[in-house]
Peer 1: 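Provided herewith is a single structure, encoded as structure tokens, for subsequent inquiry.
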Amino acid sequence: MRFAISFLVKCLFSRLLLVFLLLTLPIGAVTSQAAEEKKAAHPPMNFILVRSLLCRENCPEWISAEGRITSDTPARLRKILKKIGGRKLPVVFRSEGGDVDAAYAMGRMIRKAGLETAVGGTRLKGCPVGDTRCEAAIAKDGPSGGYTYSAGAYCFSACPLALAGGVSRVSSQWAFIGVHQITTVYNKVRVSYRIEYKIVNGKKKEISRKEVGRKVAGQSSSTKLGKKATAALTAYLKEMGVSEDVIGLMMSATPDNINIVPAMEALRTGLITDMLSYNEWPGMPLCAPDAVAEAVCHSHPVAEAPVMAKAPLSQAPVQDAATETSEKLPKTQPMDFLLMSNGNCREECTQWISADGDITPDTPARLKAMLTTLGERKLPIVLQSNGGDMDAAFVMGRMIRAAGLETSIGRTQLPNCPKLDPRCKASIAKSGPTEGEVFAGRAYCLSSCTLVLMSGTPRIVGYSSIGLVRPTTAEYTRFFAYFDEMGVSAETYETMMFATSIERGTILRSQALKFGIVNGIIPYDEKPGLHVCGPEAKESLRCPRKAEAETVPVAASVN
């Protein structure tokens, strides 16, 4: 006999729903009141098209992206990208993070569109301090007027993953990039089915199953990355050109804390590709290679002094170039060394050695005489030079390394000297240190000067120009042997050098850090030569006390 029996069978099973969230409190079956208040304080991310108020003509525009990343944030981003068409506008992030899958989607959209990213906040014109993107200031059509800021801006948790989508990505020393563990939330769902059976030979056989209801039966969470989640994260970082070392930084901070990634570490891992200087702001586009000096953009190309194209580096003191080519470097003098003292202080005035001019065969002897005069005092050496004799640079570098001195790039200005003669003889002290000032801006260390720079312990740079040349065949072995001696990545530099067609060029700060040519950055409010990173030095980007990222509570870092 064949007959059917219909009845409802309620069966409990666990469906694993993988969700990546920024958590500051444990998630339970019921969301706590504190969590609801947090969500209210950090609304979902929205996007505003903004035009800079800081210029008059050809003013940059950017997409301001602020708020919590949710599952529908990619759709909102897609909508504004469609609105701007094919325009390449930077995306400026200020976010506490959120959904990781959504961040992946955003990053891929940004990369596909060829957009730049930055960490920064946006203030719209006419908005109060407590509501910097007030609705009243948002234009109904076209861009809203406003400006960006770095100080206190942040990109936390899943936000750096979206940031990584930029073809270039920048931050400043006043903004914060932070990462922490990814939290996987498991929802238990009670599902009700209507199941129909039939009896065949005395046994039940299921013939249909229909879901008739489901109800959440609880939640659990874990910070352990499963194989699929790890593979997805690793693949995404590789796709965006970011080091897998970021995963270690993430896993070393619990969900209720944040690892603030130091600027040098962010550059090394590729979370950012460059740092903004004190006079650059988030939302500025990256300068084109042929950008004019007046262009409103960041990372302006440095005007390179022409040199003879075929002369070996070891035969390239600038003063001899005029006989070989009609293209000349600016008229300079052989390098000299001045003992300087900060003229803008009253007590405990800092001192440094100003090394300015072209490196010639007798420059090492002048340096040795200066160091002999100083005895055991370890004063920083501040360099400004177009370069010159390579062998002399090698000797100078080894002397500096043996003495354990700091090196940096800076232009020294003596008092009462004209701009065209910033170290005029009339202002040089006859005995003791000469008073003056030193600046990183518009300073340069090119060609073989960089070989001297890389000998410092530490070696640091502000917003100055660094340059290196391609060695001749005869110089090649000694050139890279010196790199290895100084602990600089010769292999990485060599790869970059042969990937370009230039014979002489500048190096970005991010590249200089990557290669190890420098190992620190001078903050905008400090100057070259004013501090030595010793045991008592204040912790800063220039004098990091710890190699690892700093861990701070999320709440403290957001506030």
Peer 1: Salt-bridge test for D356 and R411: reply yes if a basic N is under 4.0 Å from a carboxylate O, no otherwise.
Peer 2: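 No, no charged N to carboxylate O under 4.0 Å.
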Peer 1: Charged N to carboxylate O under 4.0 angstrom, E406 versus K378?
Peer 2: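 Between K378 and E406 there is no salt bridge, as every charged N stays at least 4.0 Å from the carboxylate O atoms.
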Peer 1: Is there a donor-acceptor pair under 3.5 Å between the side chain of R94 and the backbone N or O of A65?
Peer 2: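 Answer holds: no.
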Peer 1: Please report the closest heavy-atom contact between E280 and L276, naming both atoms and the distance.
Peer 2: OE1-CA, 3.5 Å
Peer 1: What I'd like to find out is whether the side chain of I381 reaches to under 4.5 Å of the side chain of L367, using heavy atoms alone.
Peer 2: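 I381 vs L367: side chains touch.
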Peer 1: For a quick test of reading the model, state the closest non-hydrogen atom pair linking Q384 to A443 and the distance between them.
Peer 2: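 It is OE1-CA, 3.2 Å.
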Peer 1: Nearest 0.5 Å, please: how far is CD1 in I260 from NE2 in H180?
Peer 2: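 If I round to the nearest 0.5 Å, the distance is 11.0 Å.
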Peer 1: Looking at I272 and A263, what are the two nearest heavy atoms and their distance?
Peer 2: CD1-O, 4.3 Å
Peer 1: Salt bridge or not between R398 and E485? Use side-chain N to carboxylate O under 4.0 Å.
Peer 2: yes
Peer 1: So, taking the atom named CG in L513 and the one named CZ in R268, what distance separates them when rounded to the nearest 0.5 Å?
Peer 2: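 Between atom CG of L513 and atom CZ of R268 there are 11.0 Å.
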Peer 1: Would R478 and F394 count as a cation-pi pair here, with the cationic atom under 6.0 angstrom from the ring centre and within 45° of the axis?
Peer 2: no
Peer 1: Testing the basics here: between S157 and G97, what is the closest heavy-atom pair and its distance to 0.1 Å?
Peer 2: CB-CA, 3.9 Å
Peer 1: Indicate yes or no for a side-chain donor-acceptor contact from S95 to the backbone of C155 under 3.5 Å, with no hydrogens or angles considered.
Peer 2: no
Peer 1: Minimum heavy-atom separation for G357 and S385, please, with both atom names.
Peer 2: O-OG, 2.7 Å
Peer 1: Quick check for you: to the nearest 0.5 Å, what is the distance between I521 atom CD1 and L267 atom CG?
Peer 2: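 Going from CD1 on I521 over to CG on L267, the span is 5.5 Å.
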Peer 1: Would the distance check show the side chain of R401 and the main-chain N or O of S455 forming a donor-acceptor pair, the cut-off being under 3.5 Å?
Peer 2: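 The answer is yes, because a donor-acceptor pair under 3.5 Å joins these two groups.
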Peer 1: Using a 4.5 Å cut-off on heavy atoms from C-beta on, say whether the side chain of I522 contacts that of V461.
Peer 2: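 In short, these two side chains do not touch, never coming nearer than 4.5 Å.
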Peer 1: Does a side chain donor of either N259 or S252 reach within less than 3.5 Å of an acceptor in the other side chain?
Peer 2: yes
Peer 1: Say you draw a straight line from OG of S427 to CG of N416; how long is it, rounded to the nearest 0.5 Å?
Peer 2: 5.0 Å
Peer 1: OG1 of T273 to NZ of K514: how many Å apart, nearest 0.5 Å?
Peer 2: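 Those atoms lie 11.5 Å apart.
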Peer 1: Looking only at side-chain N and O atoms, does Q413 offer a donor or acceptor that is under 3.5 Å from a partner on R423?
Peer 2: no
Peer 1: Take H298 and L286, measure what side-chain contact (heavy atoms from CB on, under 4.5 Å) needs, and give me the verdict at the end.
Peer 2: CA-CA 5 Å; H298 71 83; L286 179 67; 3.4 Å; yes
Peer 1: In a check of side chain to side chain contact (heavy atoms under 4.5 Å, CB included) between R169 and each of V91, V119, V242, D274, which one passes?
Peer 2: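 Of the listed options, the one satisfying the test is V242.
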Peer 1: Could you please spell out the steps behind the side chain to side chain donor-acceptor pair (under 3.5 Å) verdict for W62 and T122?
Peer 2: CA-CA 10 Å; W62 65 91; T122 296; 3.2 Å; yes
Peer 1: Counting only N and O atoms by type, is there a donor-acceptor contact under 3.5 Å from the side chain of R111 to the main-chain atoms of M240?
Peer 2: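 Answer holds: yes.
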Peer 1: Is the shortest heavy-atom distance from the side chain of V261 to the side chain of L249 under 4.5 Å?
Peer 2: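 They are in contact (side-chain heavy atoms under 4.5 Å apart), so the answer is yes.
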Peer 1: Let me confirm one number: the CZ-CZ distance from F483 to F515, rounded to the nearest 0.5 Å.
Peer 2: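 One gets 8.5 Å once the value is rounded to the nearest 0.5 Å.
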Peer 1: Which heavy atom of S150 sits nearest a heavy atom of S172, and at what distance?
Peer 2: CB-OG, 3.1 Å
Peer 1: May I ask you to test the K88-E116 pair for a side-chain heavy-atom distance under 4.5 Å?
Peer 2: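 With C-beta onward as the side chain, the pair stays apart.
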Peer 1: Using modelled atom types only, decide if a donor and an acceptor are shared between the side chain of T148 and the backbone of G120 within a distance under 3.5 Å.
Peer 2: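 Judged by distance alone, no pair lies under 3.5 Å.
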Peer 1: Please examine the side chains of T457 and L405, heavy atoms only from C-beta on, and report whether any two atoms are closer than 4.5 Å.
Peer 2: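 No, too far: nothing below the 4.5 Å cut-off.
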Peer 1: Ignoring hydrogens and geometry beyond distance, is a side-chain donor-acceptor pair present between S243 and T269 at under 3.5 Å?
Peer 2: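 Result is no, nothing qualifies.
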Peer 1: Any side-chain heavy-atom pair from M390 and L451 closer than 4.5 angstrom?
Peer 2: yes
